[in-house]
Amino acid sequence: MYSTTTLIIGAGQCGLAMSFELSKRSIDHLVLDAGCAGESWHSRRWDSLRLLTPNWMNTLAGQTHGPEDPDGFVTARKFASEFDNWVVRHAPPLYTNTSVSSLSRLGDGYIAETNRGPIRCQSVVIATGACARPKVPAFAQAISHRIEQFSPITYRGPLELRSGGVLVVGASASGLQIAQELAQSGRKVTLAVGSHGRLPRTYRDADILQWMDLARVFDEPFTKVNDLERARRTPSLPLIGTPERDDLNLDVLQARGVELVGRMMDIRDGKAQFSGGLFNAVSSADLKMNRLLDRIDTWINDHGFEGMVAPPRRFAPTAVPSDPRLAIDLSEFDAVIWATGFNPDHRFVQIPVFDRKGRIQHHGGVVEHGLYVMGLPFLRTSRSVHIDGATRDAKALARQISIQLDQSLAA
Amino acid sequence: MNVTTQMTPVNNGVNVEALISARDALTEMPAAAEFTWRAECEWLNGVHSRSTVKGFYGLGEEHQHAETFTFDADHPACFAAEDKGATPVEIVLSALASCLCAGVASVAQNRGIQLHSVVAKVEGDMSLYGILGIDPDVRNGFKGIRVAFDIDADASKDEIAAVVAQSQKRSAVFDIITNPGNVRVSVS
């Protein structure tokens with residue numbers, strides 16, 4: 001039987017960042033991945049995808065700068081190769097093609113059952129990612145086999161879809177980006193829009209994420225958040241990374257011929273049903289964007305940058321169709337794309353640490369003494385799902401792991 | 001000149017502390033959060049009926065309202081009726097406005113915004129071609145509903161808009177009207 005001190009399950013940016021931190025502390029550990037390092041970036045991203053964070057935010061552990069131009073947006077494919085380079089450079093104790101079928105408590109530690117046999121350890125870091133399983137609504141079962149269904153994980157590009165109409169469900173980053181790509185390929189696209197966000201790509205001469213970083217929007221710790229539950233539900237940043245720094249929002253999509261409808265609620269008698277609440281969803285996003293711009297303007301003013309950058313501006317409210325359709329016969333569509341969010345896949349964890357909705361309960365990534373989780377939305381800050389957020393969280397949790405191990409030794 | 005700002009506690013008549021502690025308590029007790037609301041409607045004559053609202057179930061037990069409420073519904077003279085009450089669809093519009101107003105007051109209280117006046121004007125457009133069966137492509141219900149709020153409060157325009165947006169997000173009647181739901185009617 002293999003045994004190690006700390007077992008890291010998952011070799012994405014989080015798992016590797018943790019390996020890096022534990023190596024610095026000389027804590028014996030093993031990293032497992034069902035595929036290779038950065039597997040999701042290699043095989044679970046669509047062809048044209050670029051990261052929506054500029055490269056200065058895309059640093060892996062131990063890197064001072066990300067791939068290519070710091071202000072550019074690396075392609076997912078190029079970013080995947082960064083993982084290969086990282087593994088060559090740092091030689092982490094990594095077992096690839098090793099999947100964990102169960103994780104249970106054993107004595108003072110844990111035991112993981114894997115396809116290489118059982119592995120015993122004193123502590124475990126679960127770093128299998130937040131986007132393992134697409135969150136597809138139950139009513140999707142009512143869709144006939146004639147219609148192809150995809151998630152952002154299985155979608156590859158417009159060429160893989162038949163030529164007919166496409167219903168894209170969800171208007172966060174994935175839904176917006178896929179809807180745009182499909183509309184540009186000449187398809188008739190309908191986009192179902194629930195609660196979502198809106199951000200300009202650039203504002204006052206800088207990338208919006210540069211300002212958000214400076215104004216410390218990403219730095220509020222989980223212990224200080226008013227409604228953590230809500231913060232953890234906030235969808236991905238509604239942006240696209242392109243060399244031209246294009247905006248991507250509902251107005252841009254409507255100009256490309258995309259039809260907007262409300263949140264998809266159900267399927268009845270072969271018809272997709274949409275909420276009549278589209279107008280409020282859209283105005284809420286506009287209001288929220290304006291609050292963020294207010295905060296940025298205040299920061300710029302307070303720090304004396306007024307006059308050195310373009311003056312404040314407010315964007316026109318999003319145009320909403322006056323009479324969005326509430327029901328559409330599914331015969332209008334040849335494909336449905338469920339960009340309705342993701343759930344992590346923690347089903348292998350055979351330890352009672354889940355809440356009533358099946359989510360792992362944790363305090364800033366600490367599940368219990370010896371069990372840690374990483375890479376979930378707002379794990380410790382809103383950076384936790386950013387690439388460079390992994391490094392910060394790994395530092396904080398490695399400290400906890402190290403304290404725990406010291407205590408075990410003393411006991 | 002010496003300017004002092006006097007802080008007066010916001011009072012919209014909503015006990016937000018009670019609502020927030022209820023939210024915290026119910027998070028731990030999902031069963032107690034299950035409510036059943038009831039109304040009983042009796043036909044009187046013609047298209048005139050009277051609904052009575054008395055009891056409801058929630059927090060694990062039966063409750064009674066402080067008093068029994070009744071609502072008459074009828075139709076106006078142009079429908080060849082006696083107009084002894086609002087039409088059912090007007091009651092729906094009233095319910096939407098009441099629900100949103102309650103939300104505005106609660107959200108404003110929670111955000112420390114003092115309200116001075118709130119008026120919601122609601123309009124719903126309907127073609128009688130639906131209910132009269134003239135055209136099967138015309139729906140019975142509203143084609144669209146417009147709610148116009150006129151709010152006087154100690155807050156900026158955007159803050160007020162955000163309160164109204166949040167009140168829609170948390171409104172039961174807004175959800176009932178904008179989203180499909182199952183209705184099963186039985187006869188004893």
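Residue A:Phe222 qualifies as enclosed at atom CZ: its count of foreign heavy atoms under 6.0 Å is above 12.
A salt bridge links A:Glu306 and A:Arg204; the closest N-O separation between the charged side-chain nitrogens and carboxylate oxygens is under 4.0 Å.
Of the atoms belonging to A:Phe274, it is backbone heavy atoms, and not side-chain ones, that fall under 4.5 Å from chain B. Within the 4.5 angstrom heavy-atom criterion, only side-chain atoms of A:Leu326, from C-beta onward, approach chain B.
The side-chain heavy atoms of B:Val147 and B:Leu96, taken from C-beta on, include a pair separated by under 4.5 Å. With a 4.5 Å cut-off on side-chain heavy atoms, A:Ile337 and A:Ser151 do not count as touching. Within the 4.5 Å cutoff, the side chain of A:Leu191 has heavy atoms near those of the A:Leu176 side chain.
The main-chain N or O of A:Ala339 is never found under 3.5 Å from a side-chain atom of A:Ser174 such that the two would form a donor-acceptor pair.
Between A:Tyr203 and A:Phe315, the ring planes lie tilted relative to each other; the angle falls in the 30° to 60° range.
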Donor-acceptor pairs under 3.5 Å, chain A to chain B, main chain and side chains both?
unit_1	atom_1	unit_2	atom_2	d
A:Asp227	OD2	B:Arg23	NH2	3.3
A:Arg268	NH2	B:Asn182	OD1	3.2
A:Ser275	OG	B:Asn179	OD1	2.7
A:Gly276	N	B:Thr178	O	2.8
A:Asn280	OD1	B:Gln168	NE2	3.0
A:Asn280	ND2	B:Ala165	O	3.1

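Highest contact tally toward chain A, considering only B:Pro30, B:Gly181, B:Gly144, is held by B:Gly181 [criterion: heavy-atom pairs under 4.5 Å].
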